[in-house]
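Right, one structure below, let's go through it.
Residue numbers run from 1 in the order of the sequence given. In this text, all values refer to a predicted model and were calculated from it rather than measured experimentally. Only heavy atoms go into these numbers, but all of them, side chains included; no hydrogens, no water, no symmetry mates.
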Amino acid sequence: MQNYLHFGETVAGYSVPVLNEREARAGAGILFVFALLSFLYAYNNMDFRYTQIFVTFFMLDFFIRVVINPAYAPSLIAGRFFVSTQTPEYVGAAQKRFAWSIGLILSIVMFTLIVILEMMTHIKIWICLACLILLFSETAFGICIGCVLYNWLFPNK
């Protein structure tokens, strides 16, 4: 059971557990496309059914990433498929876990507001825009804002 709940990979040449940044970027890109589509559909039609489905998937995906093991997260499995022929770029697993924990918290709030309470509030628009910005910066520019925040909060790790 320990191997299934392990976070990060042990790779020769790295003293800390690492994750493949290319897989993370590809997974972020996949999530960004579906997040943008569901957001635009909900915003234009005031119909949140696709947003409810996406937010549920998003929350489960990030729960698997943070709590279980990133190797089993559906978006990262798809991302791994798309970048399988590329040379891995490794980054610290602790930074990614911190960043993905931010995504998990945001998705839990969104799940509560959209799926459980079905509330009409501006908060969900701002959270959705924040998620879109985080996903876009990761996939388009390779900048993990959560990782930057981690390195700022914990400079000696």
Side-chain angles (χ1 to χ4, degrees), residues 1-42 49-116 124 127-154 157:
M1 188 75 166
Q2 178 69 15
N3 291 337
Y4 297 112
L5 299 178
H6 181 69
F7 194 87
E9 302 173 40
T10 303
V11 175
Y14 294 92
S15 60
V16 296
V18 293
L19 293 168
N20 185 348
E21 176 67 11
R22 292 184 191 268
E23 289 177 13
R25 261 189 245 149
I30 292 165
L31 289 175
F32 175 76
V33 167
F34 289 105
L36 184 62
L37 291 173
S38 71
F39 175 77
L40 291 175
Y41 183 83
R49 76 182 112 175
Y50 297 117
T51 306
Q52 289 174 328
I53 294 167
F54 176 75
V55 166
T56 303
F57 174 81
F58 191 85
M59 183 184 66
L60 291 173
D61 188 77
F62 272 78
F63 179 82
I64 293 168
R65 289 179 186 209
V66 173
V67 177
I68 299 174
N69 188 326
Y72 305 116
S75 66
L76 294 179
I77 292 170
R80 189 174 313 120
F81 171 77
F82 287 112
V83 300
S84 63
T85 60
Q86 298 176 8
T87 304
E89 280 182 37
Y90 293 109
V91 295
Q95 291 88 335
K96 283 293 180 191
R97 186 175 222 171
F98 179 81
W100 291 342
S101 295
I102 294 170
L104 178 61
I105 291 167
L106 292 174
S107 68
I108 290 170
V109 172
M110 287 295 283
F111 181 80
T112 304
L113 292 174
I114 292 175
V115 177
I116 296 174
K124 63 185 179 185
I127 293 173
C128 195
L129 287 174
C131 286
L132 287 169
I133 290 168
L134 293 171
L135 289 169
F136 184 76
S137 71
E138 172 78 18
T139 193
F141 307 121
I143 300 170
C144 173
I145 295 173
C147 298
V148 171
L149 183 60
Y150 177 90
N151 290 331
W152 182 70
L153 291 172
F154 309 104
K157 286 193 173 193

In chain order, what residues pass the side-chain contact (heavy atoms from CB on, under 4.5 Å) check against [X], with sequence neighbours excluded?
{"X": "Val33", "value": "Leu37"}
{"X": "Ser107", "value": "Phe58, Met59, Leu104"}
{"X": "Ala94", "value": "Tyr150"}

Please give me the minimum heavy-atom distance between [X] and [Y], naming the atom from each residue.
{"X": "Pro70", "Y": "Leu76", "result": "O-CD1, 3.5 Å"}
{"X": "Leu135", "Y": "Ala35", "result": "CD1-CB, 4.3 Å"}
{"X": "Phe54", "Y": "Leu31", "result": "CZ-O, 3.6 Å"}
{"X": "Gly8", "Y": "Pro17", "result": "CA-CB, 4.1 Å"}
{"X": "Ser101", "Y": "Val66", "result": "OG-CG1, 3.6 Å"}
{"X": "Ile30", "Y": "Gly79", "result": "CD1-N, 3.8 Å"}

4.5 Å side-chain heavy-atom contact, [X] and [Y]:
{"X": "Val91", "Y": "Cys147", "result": "no"}
{"X": "Trp100", "Y": "Phe7", "result": "yes"}
{"X": "Tyr90", "Y": "Glu9", "result": "yes"}
{"X": "Ile108", "Y": "Phe63", "result": "no"}
{"X": "Leu149", "Y": "Ile102", "result": "yes"}

**Message:** Quick check for you: to the nearest 0.5 Å, what is the distance between Leu36 atom CG and Cys131 atom SG?
**Reply:** 12.5 Å
**Request:** Rounded to the nearest 0.5 Å, what's the gap from CZ on Arg22 to OG1 on Thr85? Could you check?
**Result:**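 Between atom CZ of Arg22 and atom OG1 of Thr85 there are 9.5 Å.
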**Message:** With side-chain contact (heavy atoms from CB on, under 4.5 Å) as the test, pick out the partner of Val55 among Ile114, Val109, Leu106, Ile127.
**Reply:** Ile114
**Message:** Looking at Phe57, I want to see if its CZ is surrounded by more than 12 non-hydrogen atoms of other residues, nucleotides or ligands under 6.0 Å.
**Reply:**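 It does: Phe57 CZ has more than 12 such atoms within range.
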**Request:** Scan residues 138-153 for pairs that pass salt bridge (Lys or Arg N to Asp or Glu O under 4.0 Å), counting only residues two or more places apart or in two chains.
**Result:**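 For residues 138-153: Lys96-Glu138.
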**Message:** Suppose we screen for side chain to side chain donor-acceptor pair (under 3.5 Å). Which residues come up paired with Ser75, at least two apart in sequence or across chains?
**Reply:**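 Counting only residues at least two positions away or on another chain, Ser75 forms a side chain to side chain donor-acceptor pair (under 3.5 Å) with Asp61, Arg65.
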**Prompt:** Of all residues at least two apart in sequence or in a different chain, which pass the side chain to side chain donor-acceptor pair (under 3.5 Å) check with Arg80?
**Reply:**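 Side chain to side chain donor-acceptor pair (under 3.5 Å) check on Arg80 returns Glu23.
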**Request:** Indicate yes or no for a side-chain donor-acceptor contact from Ser137 to the backbone of Leu134 under 3.5 Å, with no hydrogens or angles considered.
**Result:** yes
**Prompt:** Does the Thr51 side chain pair with the main chain of Phe39, one donor and one acceptor, at a distance under 3.5 Å?
**Reply:**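 Not at all, since once roles are kept as given, no pair shorter than 3.5 Å links the two residues.
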**Request:** Could you check whether the rings of Phe154 and Phe98 sit parallel, tilted or perpendicular, using 30° and 60° as the cut-offs?
**Result:**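 The rings of Phe154 and Phe98 stand perpendicular, inter-plane angle above 60°.
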